[in-house]
Amino acid sequence: EYNIVRPKGYTVSYHATPEMEKHHFGQTHPMKPWRLTLTKSLVTSYGMPFAMDNYVTREATYEELNTFHSSDYLDYLITAAPEDQPRDIENPDKEVKYNLGGSDCPLFHGLYNYCSMSAGVSLDAARKITSNQSDIAIAWAGGLHHAKRYEASGFCYINDIVLAILQLLRTHPRVLYIDIDVHHGDGVEEAFFSTDRVMTVSFHKYHPETFFPGTGALEDNGPKSEHNPGAHHAINVPLQDGITDAQYEWLFESIIGAINERYRPSVIALQCGADSLAGDRLGRFNLRVEGHGACVRYCKSLGIPMVVFGGGGYTPRNVARAWAYETSIAIGADDRIPETIPEHAPWREHFIHETLFPTLEQSMHEPRHNRNSEKRLREIVTHVHEQLRFVA
Ligand code: ZL4
Ligand code: CA
Ligand code: ZN
């Protein structure tokens with residue numbers, strides 16, 4: 001009814017599984033897998049599935065997870081039960097095995113299923129790119145960028161992005177990884193520290209003492225040990241509270257534009273964490289859905305195949321808005337979908353304001369003070385340009 005048709009000349013695939021959405025991290029935990037249900041329902045209400053190839057994916061196998069994660073860690077993840085959770089009210093973050101069972105990465109019923117589902121979605125998306133069956137593959141259930149080879153971290157247990165990039169590397173010489181989650185994409189950065197076939201770029205709030213995970217300084221560009229081909233292939237864009245759409249879009253286009261010219265990636269992996277939006281429960285920025293989506297539009301305009309992942313996002317109605325809007329950008333329907341949340345959308349009552357694009361005032365009681373000076377943003381761009389001189 002909104003005249004949503006398949007895009008001309010390219011294919012978009014949408015990868016999901018309703019299985020993932022039924023899992024719970026715990027009543028008050030910020031991560032709500034249910035936000036994926038809300039996203040899917042908004043995408044469907046706008047009629048977007050008509051314009052895409054839609055896949056319901058299977059769980060990733062142990063062998064697939066093992067291409068990055070250690071067997072010791074996976075074996076524990078399979079068998080660890082919520083009963084193994086250290087219940088210590090005095091000290092909820094007491095030392096635990098593989099960082100599992102604390103308040104950030106709780107053990108919950110069906111945890112292994114949740115993890116292998118998320119990884120399955122991202123791997124499926126990456127495979128559609130490597131087999132040339134899709135040009136933009138969407139995996140909102142993925143994007144769990146903090147997980148390490150042998151350890152869970154920051155709500156992430158399995159690094160589906162690393163697994164997907166390993167798949168992309170089978171047919172692509174150079175992968176550009178871009179991360180617009182408000183947190184530093186440390187797990188993905190670290191996994192590819194020693195190769196020049198993956199360049200990682202993370203935009204994030206940086207404040208080592210107070211903001212997780214505390215890494216990702218401007219000067220951290222990959223270990224500069226002798227003969228490390230991966231040196232200079234990690235780019236970090238450390239930001240402060242309150243950055244606006246205009247500043248973020250300028251930074252994003254200056255930096256990604258320069259990287260694209262110099263590095264010439266053959267495929268892009270874009271993590272679209274929605275906790276960089278204004279009004280996010282954990283976030284600190286003043287981005288609107290339009291500004292967040294502009295990053296997706298810019299990447300698409302480069303005309304390179306792309307896998308699009310989810311990630312953080314702790315105010316579910318805004319996560320659904322951003323990822324539905326970004327789905328519309330992928331299929332080229334962003335100028336055709338109405339700004340008002342469809343009349344017939346289930347869950348419509350969750351969208352307090354009935355628009356896809358809430359204003360800053362609608363997103364939060366008081367917009368955050370912007371602590372990013374124009375001078376500092378120019379310094380960041382200059383530093384990135386200097387790093388790129390080392391890139392062959
Ligand atoms: C919570 O309310 O900064 C977990 C986590 C659980 C329920 C009740 C338990 C109360 C906020 C966060 C105790 C909570 C103590 N519950 C949490 C150093 C910390 C140790 C844990 O978007 N405490 C750790 C991780 C970050 C820390 C952010 C972002 C993931 C991603 C990709 C991960 N961890 C201090 C905090 C709550 C909770 C409320 C919380 N945890 C906020 N920030 C963190 O990049 C998906
Ligand atoms: Ca980031
Ligand atoms: Zn995040």
Side-chain angles (χ1 to χ4, degrees), residues 20 24-33 35-36 85-96 99-108 114-115 118-119 122 139-148 151-162 177-190 200-218 220 234-240 243 248 251-252 255-256 269-277 280-285 287 292 295 309-316 318-319 322-323 380:
M20 227 187 122
H24 297 276
F25 280 61
Q27 271 292 305
T28 53
H29 194 286
M31 179 57 97
K32 310 272 182 218
R35 68 210 173 114
L36 296 167
Q85 197 120 228
R87 287 194 202 284
D88 184 342
I89 295 159
E90 293 288 288
N91 186 3
D93 293 307
K94 196 175 77 170
E95 200 48 48
V96 280
N99 202 25
L100 290 166
S103 52
D104 273 357
C105 303
L107 295 170
F108 53 84
Y114 166 84
C115 294
S118 159
S122 297
W140 296 131
L144 306 178
H145 58 179
H146 298 306
K148 310 287 155 48
E151 182 177 88
S153 171
F155 318 164
C156 305
Y157 304 81
I158 291 291
N159 202 315
D160 61 286
I161 304 171
V162 171
Y177 173 67
I178 307 170
D179 184 316
I180 62 170
D181 189 288
V182 75
H183 298 98
H184 177 224
D186 57 351
V188 183
E189 180 186 89
E190 187 187 293
T200 63
V201 190
S202 175
F203 297 76
H204 47 266
K205 171 174 164 86
Y206 179 67
H207 197 275
E209 295 79 36
T210 63
F211 200 73
F212 187 87
T215 48
L218 182 61
D220 295 342
I235 302 290
N236 283 301
V237 184
L239 303 168
Q240 303 307 319
I243 193 166
Y248 201 93
L251 262 180
F252 191 87
I255 290 171
I256 301 304
L270 175 61
Q271 195 268 19
C272 295
D275 48 6
S276 41
L277 292 171
D280 186 82
R281 179 172 160 196
L282 299 190
R284 296 280 190 279
F285 293 167
L287 296 190
H292 201 267
C295 301
F309 305 94
Y314 306 100
T315 301
N318 291 339
V319 177
W323 293 350
I380 291 173

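Below, all heavy atoms of this structure are taken into account, side chains as well, without hydrogens, waters or symmetry copies. Atoms within a ligand are numbered from 1 in the order they appear, just like the ligands themselves.
- Side-chain contact, E151 with N99: no donor N or O sits under 3.5 Å from an acceptor N or O.
- Short contacts between ligand 1 and T28, defined as distances under 4.0 Å to a heavy atom of the residue, involve ligand atoms 2 (O), 7 (C), 8 (C), 16 (N), 37 (C).
- The minimum heavy-atom distance between W323 and C272, with the atom names listed, is NE1-O, 3.0 Å.
- Taking backbone and side chain together, S202 holds an N, O or S atom under 3.0 Å from the Ca ion (ligand 2).
- The closest approach between a heavy atom of M31 and any atom of ligand 1 is below 4.0 Å.
- The residue from G283, G26, P30 that puts a heavy atom closest to atom 12 (C) of ligand 1 is P30.
- Residues D181 and F309 form no side-chain contact, since every pair of their non-hydrogen atoms from C-beta on lies 4.5 Å or further apart.
- Contacts with ligand 1 closer than 4.0 Å are made by side-chain heavy atoms of H146 only, the backbone lying farther away.
- Between the Zn ion (ligand 3) and the N, O or S atoms of D181, the shortest distance is to OD1.
- Residue nearest to atom 17 (C) of ligand 1, selected from G154, S103, G214, A274: S103 (by heavy-atom distance).
- Under 4.0 Å from ligand 1, the heavy atoms of L282 that appear belong solely to its side chain.
- Against a heavy-atom cut-off of under 4.0 Å, R281 is close to the following atoms of ligand 1: 2 (O).
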Exercise for the section: Dump the intermediate steps for ring-ring contact (aromatic ring centres under 6.0 Å, His included) on F155 and Y314, then the final yes or no. Expected result: CA-CA 12 Å; F155 318 164; Y314 306 100; 5.6 Å; yes
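- Residue D104 has at least one nitrogen or oxygen atom sitting less than 3.5 Å from a nitrogen or oxygen atom of ligand 1, judged on distance alone.
- Listed by chain and number, the residues in a side-chain hydrogen bond (donor to acceptor under 3.5 Å, both in side chains) with H207 are T210 (sequence neighbours excluded).
- Residue-ligand proximity, Y314 to ligand 1, at heavy-atom distances under 4.0 Å covers atoms 22 (O), 29 (C), 30 (C), 31 (C), 32 (C), 46 (C).
- Under the side-chain hydrogen bond (donor to acceptor under 3.5 Å, both in side chains) criterion, N318 pairs with R321, sequence neighbours left out.
- Residue G216: no N/O/S atom is found under 3.0 Å from the Ca ion (ligand 2).
- Heavy-atom contacts of G312 reach the following atoms of ligand 1: 22 (O), 32 (C), 46 (C) (cutoff under 4.0 Å).
- The D275 neighbourhood of ligand 1 comprises atoms 22 (O), with distances under 4.0 Å to a heavy atom of that residue.
- Between the side chains of D186 and H184, not a single donor N or O lies within less than 3.5 Å of an accepting N or O.
- Centred on the Zn ion (ligand 3), the angle running from H183 (ND1) to D275 (OD2) is recorded as 100°, rounding to 10°.
- Contact atoms of ligand 1 toward H145: 31 (C), 32 (C), 45 (O) (distance under 4.0 Å to a heavy atom of the residue).
- In summary, an N, O or S atom of H183 is located under 3.0 Å from the Ca ion (ligand 2).
- If you look at F212 and H146, their ring centroids are closer than 6.0 Å.
- Side chain of W140 to main chain of R35: no donor-acceptor pair is present (N/O by atom type, distance under 3.5 Å, no hydrogens or angles).
- When the Ca ion (ligand 2) is compared with the N/O/S atoms of D179, atom OD1 turns out nearest.
- Checked against the 6.0 Å centroid threshold, F25 and Y114 count as a close aromatic pair.
- When side chains are defined from C-beta on, L239 counts as touching L251, because their heavy atoms get closer than 4.5 Å.
- Between F211 and H204, a ring centre-to-centre spacing not shorter than 6.0 Å is recorded.
- Distances from the Ca ion (ligand 2) to the N/O/S atoms of D181 are shortest for O.
- At a 3.5 angstrom cut-off on N or O pairs, D181 counts as close to ligand 1.
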